[in-house]
Visitor: 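Got a structure for you, questions after.
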Amino acid sequence: MSDKNTLSDFEEFFDTTPMSIMIVQDIQEIVYCNTPFFTSSGYSIDELADLKLVNLIHDDDKSAVLERIKALEKGEKPDPVMQVRFVRKDGTVALTRIFTYDIVFNGKPSRILAGVNISAEPLIEQSPELVDSLLQTLTTYSELGFWVDDINDHTVFINDRLCDYLGYSFEEIRDKPITDFFHPDSQELYYQVLKDRIEKNQPASSYELVLINKEGRPNTFRVTGSLLFDTFGSPIGSVGFFTNIEATKKLSLTVSVLNKYALFSKFKDLSSFWENVLNDLSDIYYADGGIIFLDGEVLAKQGEFSKKFNPQDILEDLAKKGENIIHCKGNCNHISTEVNSATISVLHINQLPAGFILLISKIENQFYPEDLDLILAFSSQISLNYEHHFSFLQSEEEREFVSVLLDILSHDFLNANTSVHGYLELLNQFVETENTEKLKSYIERSLSVVERSERILQTVQQLTKIQKERKVRKTVIVKPVLENAIKVQKSMFYDKEVNFKVACSKNLSIIAGDLLQNVFENIINNGIKYTSSKEATLEIVCEEVAVGEEKNTEIRFIDQGMGIPDEDKPLFFKRLSRGDHRFQTGSGLGLYMARILVNSYDGSIRFENRIQDDHTKGTVVVLTLPRG
Amino acid sequence: MATIFIIDDEETIQFLYKEGLSLEGHKIIGTAHNGSKAIEDINKLKKYPDIIILDHRMPIKNGLDTLKEMKEYKIMSKSKILFITADPTVREEASKLGVTSFIQKPFSIIKLGKMITEIAN
């Protein structure tokens, strides 16, 4: 405000505003009040002339105002907004929010105070019809629900829109605690919000609440709520504006769950993958449980319900009808007697129905039509993600396979060719010298290289066979396979005396494939080959082990050979990193192939020292495979 | 005549070098199955070899890694390196590390002997 203006320039405006306006000088000398102030306070101009600002303040707020006055006297700048109780001439109190501004009035520094009565009493004290009419006007065009409750949580008012959402009439809700209509999780949240309002002085806040409608179906609302105060500034209730966000929340959560499970490779343990998917879906759609059935197996089950159906029959029925989702409500006895609504959405693999997601609820109308669309979209997308994951794994395996083959061709065969080519050149040089010893040596070495090439070719054939057959898995009794592998390997080392000590129970079974014998042979072959003495002892011990819920079988191949330094142990299972002393006569692929096969059976392979901390006393190859 | 040190993990190839290169009068003064052992042995020699034949693909330490270590020991300022591999993609890196010649497999042992004579002269 400029000092060139006079009060008369503003007086008309001040008198038409609903705010009470007062100008004070010398900290608390009242020099001007507008008409709304006189009307509201009940004082006359003459009466006010004898009063100072602090005389109008409620006793309980006086100390705060005096503090503020002290600060102003020291030249400090306190918060321009304050909340105080003004006492009217008749002794009644008005809780007022005051906005203060520095001005120059009549050539003197002054402060203008603009006050708004923020007591909720005027609203609460009105007839419900008037309040209803006011609030309906406020909320009709915004689709907002509106709920007022008193300090004891009893409903004072609820508008028609919120009544419609909930399926109750106002009379059914009136005087009942608002929390009676909350989901248990929301009750806890709501009490926390109320506590924070008082303790942390946060009169207004925004939060999400889940209300349960008359049918028992949950609905999520975004609520902006505020405390209501009486004229003394004490809370007398609260008010909340409710926006139904159920549909958008489900959409957003469904998309976020899809994102969460988009990269299957992030889930090291695929066994719990579908359990997690089902848990998340049940949470989003407030289902009491369900199952996920895929590739002939129930991969996840949640909730207690007596199953009255065969999943395979349901899948066949869906496929026959060409339906992607079915929904039942009320009469879901064919699923379970405890179920009153259910959705079954199909999971497609390679564009064929391969399974389904079943969600169930005890509530008859649990699933909205838009829920069904979302659940169907979720099923389609998660099927695609699942399918892509396995396509990716397969292409990775094939890429590795091709890379190994190319490596064998480009390295092992080129090496062999270089050697044979060289020895033939030497033979050509010496053929007329009659140095038979040299000629014989070149021929023998050439033959040795050619034989090695043949072994490499056999390995390539084995690799191709692995690539084709390794996915075939079944329950295999270990002992006969082990005995066959021992028999074959014994015949290969006719110049060595090999003693086998086998401790493996007759009926021990594992989950593996037809190439298990190949794995055993590769391990046994290494164990014997790298025992330098003419007599080799190989001990084979089978035992069942369990880590948590995982039940496995460990087969330990214990040799007394030259051993492997610890730093080199991991290199043996890689194609491109060979340990130096074990590669000279072989293709270098034996343990690499064993690793590829064991991994494809969901097992693992590793080395240990036979004598701890002394690698030179022999090696233990530990093979771990799922128990049959 | 050149003195030669052979670094190759395959005994059959080592023997081929010995036999083939001796036809040109070259003398094999040492062999090693991997880079680490080779550097240890070369540093013990009274006189550095004229030529070091270095295979790329070897266990424990490959040819490129061996070259890097040789550089640290300044072996390349005293001996010429023939880098041998079936993989043409490592040629550039090997050249940057200072190899004298890059030989790609398969090669003729007779021609290699003659090439070493030229390099040594």
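Residue numbering restarts at 1 for every chain, and letters A, B, ... go by the order of the sequence lines. This one's a predicted model, so the numbers in the text were calculated from it and none came from an experiment.
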Visitor: Report which part of A:Asn415 has an atom under 4.5 Å of a heavy atom belonging to chain B: side chain, backbone, both, or neither.
Guide: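 Both backbone and side chain of A:Asn415 come within 4.5 Å of chain B.
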Visitor: Less than 4.5 Å to any heavy atom of chain B: does that hold for the side chain of A:Ser441, its backbone, both, or neither?
Guide: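 Only the side chain of A:Ser441 comes within 4.5 Å of chain B.
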Visitor: Might you point out which heavy atoms bring A:Val449 and B:Thr12 nearest each other, and give the distance in Å?
Guide: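 Between these two residues, the closest heavy atoms are CG2-CG2, 3.4 Å.
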Visitor: State, to 0.1 Å, how close B:Pro106 and A:Leu414 come at their nearest heavy-atom pair, and which atoms those are.
Guide: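 So the minimum-distance heavy-atom pair works out to CD-CD2, 3.1 Å.
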Visitor: Under 4.0 Å between a Lys/Arg side-chain N and an Asp/Glu carboxylate O for A:Lys438 and B:Glu19?
Guide: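 So A:Lys438 pairs with B:Glu19 through a salt bridge.
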Visitor: Which heavy atom of B:Ile109 sits nearest to which heavy atom of A:Glu425, and what is that distance?
Guide: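 In this case the closest contact between B:Ile109 and A:Glu425 is N-OE1, 2.8 Å.
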Visitor: So, taking the atom named OG in A:Ser419 and the one named CD in B:Glu11, what distance separates them when rounded to the nearest 0.5 Å?
Guide: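 Answer for the OG-CD pair, A:Ser419 versus B:Glu11, is 10.0 Å.
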Visitor: Taking all non-hydrogen atoms of both residues, which atom of B:Gly20 and which atom of A:Leu426 are closest, and how far apart?
Guide: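 Heavy atoms of B:Gly20 and A:Leu426 come nearest at CA-CD2, 3.6 Å.
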Visitor: More than 12 foreign heavy atoms under 6.0 Å from NZ of B:Lys27: is that the case here?
Guide: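 It does not: B:Lys27 NZ has 12 such atoms or fewer within range.
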Visitor: Of all the heavy-atom pairs spanning A:His421 and B:Phe107, show the shortest one and how long it is.
Guide: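 Closest approach of A:His421 to B:Phe107: ND1-O, 3.5 Å.
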Visitor: Go through the atoms of B:Tyr17 and report whether side chain, backbone, both or neither lie under 4.5 Å from a heavy atom of chain A.
Guide: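 Neither part; nothing is under 4.5 Å.
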Visitor: Do you know the tightest heavy-atom contact between A:Gln429 and B:Leu23?
Guide: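 Nearest heavy atoms, A:Gln429 then B:Leu23: CG-CD1, 4.0 Å.
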Visitor: To the nearest 0.5 Å, how far apart are CD1 in B:Ile13 and OG1 in A:Thr418?
Guide: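 Here the rounded value is 5.5 Å.
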Visitor: Report, as yes or no, whether the 6.0 Å neighbourhood of atom NZ on B:Lys78 holds more than 12 heavy atoms from other residues, nucleotides or ligands.
Guide: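 It does: B:Lys78 NZ has more than 12 such atoms within range.
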Visitor: Taking CD in B:Glu40 as the centre, count heavy atoms belonging to other residues, nucleotides or ligands within less than 6.0 Å. Is the count above 12?
Guide: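 Atom CD in B:Glu40 is crowded, with more than 12 foreign heavy atoms closer than 6.0 Å.
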